[in-house]
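Encoded as structure tokens, the structure appears first; notes follow it.
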Amino acid sequence: MERHYMDSKIKGVSTGVSNVNYVCSKTINKLIQVHDRIFCCIAGSLADAQAVTKTAKFQISLHSIQMESPPLVKAAASVMKELCYNNKEELQAGFITAGWDKKKGPQVYTVALGGMLLSLPFTIGGSGSTYIYGYTDAKYKPDMSREECLQFATNALALAMGRDNVSGGVAHLVVITEGGVEHVVIPGDKLPKFHDE
Amino acid sequence: KSITTIIAVEFNGGVVLGSDSRVSAGETVVNRVMNKLSLLHDKIYCALSGSAADAQTIAEMVNYQLDVHSIEIGEDPQVRSAATLVKNISYKYKEELSAHLIVAGWDRRGGGQVFVTLNGLLSRQPFAVGGSGSSYVYGFVDAEYQKGMSKEDCQQFVVNTISLAMSRDGSSGGVAYLVTIDEKGAEEKCILGNELPTFYDQ
């Protein structure tokens, strides 16, 4: 999920990948960089998601060269949306696109399964997200600081990973600001613990 | 018809049960003010979820069986006995029924207790959530629950949880019903829609 705060963005995802009832990999990074200051979180069928993001990355690079300036986050999100909407019968993946651009600063966009594009202050996605709707609704405040945002994302991820059997492994977070991009990786045993652990 | 979002939490000296009030049949809301907290005995209540008909029937049957049992033993029944009676019905008819009851109450021996009887199992837990709206608030209750809360904190926790679930789950809504049970007895409360806590997007 992403958090949008003041002039930065934080995205976080957990890393479990499963194939029916078998966990293929516990350490996949589901945060894909599509441009210098724009990242995509993938959820759903990872094969579909990887295929879409590869295509999108190419199209966004081309667009950015033609425009002679870094792409807008909205443009990147639109590219994802076009791919999802036009191939909605075959694809089964959802995306969260977030990043920073000079025009509007930090932004978060979500592209749902059928190809709907929405701009939101924060958003969550994936199978584990149903368990944390209540938590994120209760705890989100607009204009959080970077540390509060990181804490919010980490807590929400830890709670979802604790309840969803197909989420787990390691938590990846990415902080995107005007100044650059910073990766934070939190292994499972360093995640915050709650009352029953 | 299905009914959803129920919660029961133990606190120091009793329990608080909470529920929403919506009963839906497919896409229609057939009752927007149903009280899903049913009395099983003076200080033992159960929260109904799943199929409305199944849940109400189980509650009525157990109410009757508990009355007989309490006359036979000559004193108030234990919460565990009530939960066992519910569990017996749920397990025996598990293929035909689709209701989940959370049983909670106060008795002299164990204080406040919450029991889950999902699918015919019997388990005592410090708190329990159930119904379709419960999926959305697992994260919230995991984060916010603390052992040894006071009665007021517990009531606030239950109201917040129900509020969050109602705002996300299509099958939950209406008003929130609360029942607080302690040594002195059971107190019922109804919190109307406009008095429920609101969060950042409301």
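The sequence lines fix the lettering, A, B, ..., with proteins before strands; numbering per chain opens at 1. What you are looking at is a predicted structure, and each value in this text was computed from that prediction instead of being measured.
- Heavy-atom distances place both the backbone and the side chain of A:A138 under 4.5 Å from chain B.
- Proximity to chain A is absent for every atom of B:A165, based on heavy atoms less than 4.5 angstrom apart.
- Other residues, nucleotides and ligands contribute more than 12 heavy atoms inside 6.0 Å of the CD atom of B:E195.
- The two residues A:G134 and B:V137 make their nearest non-hydrogen contact at CA-CG1, 4.2 Å.
- Taking the six-membered ring for Trp and the full ring otherwise, the centers of A:Y135 and B:F140 sit at least 6.0 Å from each other.
- Rounded to the nearest 0.5 angstrom, B:D142 CG and A:K193 NZ are separated by 13.0 Å.
- Once rounded to the nearest 0.5 Å, the distance linking CZ of B:R168 with OG1 of A:T136 reads 6.0 Å.
- For A:E182, the CD atom counts as densely surrounded, since its 6.0 Å shell holds more than 12 non-hydrogen atoms of other residues, nucleotides or ligands.
- Summarising the geometry of A:D137 relative to B:S167, their closest heavy-atom pair is OD2-OG, 4.0 Å, with the distance given to 0.1 Å.
- To the nearest 0.5 Å, atom CG of residue A:D164 and atom OG of residue B:S135 are 11.0 Å apart.
- To the nearest 0.5 Å, atoms OH (B:Y138) and CD1 (A:I132) are separated by 14.5 Å.
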- Item | Check against ring pair (Phe, Tyr, Trp, His ring centres under 6.0 Å), B:Y136 and A:Y133 | CA-CA 5 Å; B:Y136 303 104; A:Y133 273 110; 5.7 Å; yes

